[in-house]
Amino acid sequence: MSITARPISVLVVDDHPLLRAGLGEAITSQSDMCVVGEACNGREAVDAYEHLRPDVTIMDIAMPELDGVAALHEIRREHNHARVIMLTTYKGDAQILRAVQGGAAGFLLKSTLRKDLLDTVRGVHMGQRRIPPEIAMELAQHMGQGPLSSREMEVLNHAASGHSNRRIAERLAISEETVKAHMKNVLAKLAANDRTHAVTIALKRGIITI
């Protein structure tokens, strides 16, 4: 008598109902996997994981209430064996790096979902790490650069809002010379030519959002 293997249980987390439905259809069409639950934000995802204990969770990085990376950290803090695949529309490496550090088992680009979804779920369930080459290249490109300090992030955020060095100094209660020093560090770390270039790079990489 042959014993049928239990299908891979999958929790789908995304704030767009159509995408959740599409993922659900693709997964349930396979005999070796099934959807056991859905969530539409990071807070719901943490609760759903607690109740359902799925084999694999597919979770969008950008979501309301609690973003996917924060939810990943919460889930893995309580369940360090959790296998979570992060779903992303872009290759911004700052959030991706936080997800890698948080123990993400894999990544899926929304642009290649149809091609990569099922293989990634199966691979992650078997204990593999699945990172698309585009994301791996983006990460490797910036690995040698030090992260921005919290003060440098503050200065950059104010610069992104169009504030002058003097205005930033007033807002942060520091001297204008200190602002210039922080901005110089930011330019060096981001390999930027000027503050506008730095803001553009930081937005593209997901280091800051406006």
Side-chain angles (χ1 to χ4, degrees), residues 7-30 32-77 79-140 142 203-209:
I8 302 165
S9 59
V10 182
L11 169 64
V12 176
V13 186
D14 195 283
D15 56 328
H16 292 100
L18 282 175
L19 188 67
R20 286 202 309 276
L23 287 167
E25 277 175 32
I27 290 163
T28 51
S29 72
Q30 305 297 301
D32 63 336
M33 55 184 81
C34 63
V35 175
V36 291
E38 292 185 6
C40 63
N41 62 52
R43 182 55 55 212
E44 281 187 12
V46 174
D47 294 341
Y49 187 92
E50 197 61 49
H51 291 118
L52 301 168
R53 305 294 171 90
D55 295 321
V56 175
T57 300
I58 299 173
M59 182 153 58
D60 194 9
I61 276 188
M63 289 186 297
E65 292 202 34
L66 191 70
D67 70 49
V69 180
L72 164 74
H73 280 261
E74 279 202 30
I75 290 169
R76 297 261 313 168
R77 191 162 54 236
H79 311 278
N80 63 5
H81 58 279
R83 290 174 175 163
V84 183
I85 299 166
M86 304 306 293
L87 200 53
T88 181
T89 48
Y90 74 119
K91 305 184 289 289
D93 66 291
Q95 281 181 307
I96 302 277
L97 189 55
R98 279 179 57 224
V100 168
Q101 290 163 342
F107 294 88
L108 278 167
L109 286 165
K110 290 185 182 178
S111 56
T112 58
L113 257 185
R114 194 178 293 272
K115 180 167 66 78
D116 299 333
L117 172 66
L118 303 174
D119 282 348
T120 301
V121 169
R122 291 186 182 107
V124 163
H125 181 244
M126 287 165 56
Q128 299 171 2
R129 278 204 96 182
R130 302 296 287 260
I131 301 181
E134 305 97 309
I135 288 180
M137 276 175 63
E138 189 86 19
L139 282 172
H142 302 296
L203 286 170
K204 181 170 175 280
R205 288 178 52 189
I207 294 170
I208 60 170
T209 53

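A salt bridge between D14 and K110 is present, with a side-chain N of the basic residue lying under 4.0 Å from a carboxylate O of the acidic one. We find that E74 and R43 are joined by a salt bridge, their nearest charged nitrogen and carboxylate oxygen being less than 4.0 Å apart. Using a cut-off of 4.0 Å between Lys/Arg side-chain N and Asp/Glu carboxylate O, D55 and R83 are scored as not salt-bridged.
Atom CE of M63 is separated from atom SG of C40 by 9.0 Å, given to the nearest 0.5 angstrom. Distance check, rounded to the nearest 0.5 Å: CG of D60 to CG of D67 gives 9.5 Å. Between the CG atom of L87 and the CD1 atom of I61 there is a distance of 8.5 Å, given to the nearest 0.5 Å. Atom CD of Q101 sits about 12.0 Å away from atom CD1 of I96, to the nearest 0.5 Å. To the nearest 0.5 angstrom, L117 atom CG is 10.0 Å from T112 atom OG1. Note that NZ of K115 and CG of L108 are 10.0 Å apart. Values are rounded to the nearest 0.5 Å.
Side-chain contact check for Y49 versus T57: some heavy-atom pair is nearer than 4.5 Å. In this structure, the side chains of L11 and V13 come closer than 4.5 Å at one or more pairs of heavy atoms. At least one side-chain heavy atom of E44 sits less than 4.5 Å from a side-chain heavy atom of N41. Using a 4.5 Å heavy-atom threshold, the side chains of V10 and P54 count as separate. Inter-residue side-chain proximity for D32 and P7 is flagged as unmet; no heavy-atom pair is nearer than 4.5 Å.
A pairwise comparison of heavy atoms in M86 and A99 identifies CG-CB, 4.0 Å as the closest pair. Of all heavy-atom pairs between I75 and M59, the closest is CD1-CE, 4.3 Å. S29 approaches A26 most closely through the heavy-atom pair OG-O, 2.7 Å.
Within 6.0 Å of NE2 in H81 there are more than 12 heavy atoms belonging to other residues, nucleotides or ligands.
R130 places a side-chain N or O within 3.5 Å of a backbone atom of D119 that can act as its donor or acceptor partner.
Of the residues I58, L72, V124, the one that meets the side-chain contact (heavy atoms from CB on, under 4.5 Å) test with V84 is L72.
No hydrogens or angles considered: a donor-acceptor pair under 3.5 Å links the side chains of R122 and Q30. In the model, T120 has no side-chain atom that pairs as donor or acceptor with a side-chain atom of D116 under 3.5 Å. Counting only N and O atoms by type, the side chains of H79 and E50 include a donor and acceptor under 3.5 Å apart.
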Residue pair L118, M33: steps toward the side-chain contact (heavy atoms from CB on, under 4.5 Å) verdict: CA-CA 9 Å; L118 303 174; M33 55 184 81; 3.8 Å; yes
I135 vs T88, test: side-chain contact (heavy atoms from CB on, under 4.5 Å). Steps then yes/no. CA-CA 10 Å; I135 288 180; T88 181; 4.1 Å; yes
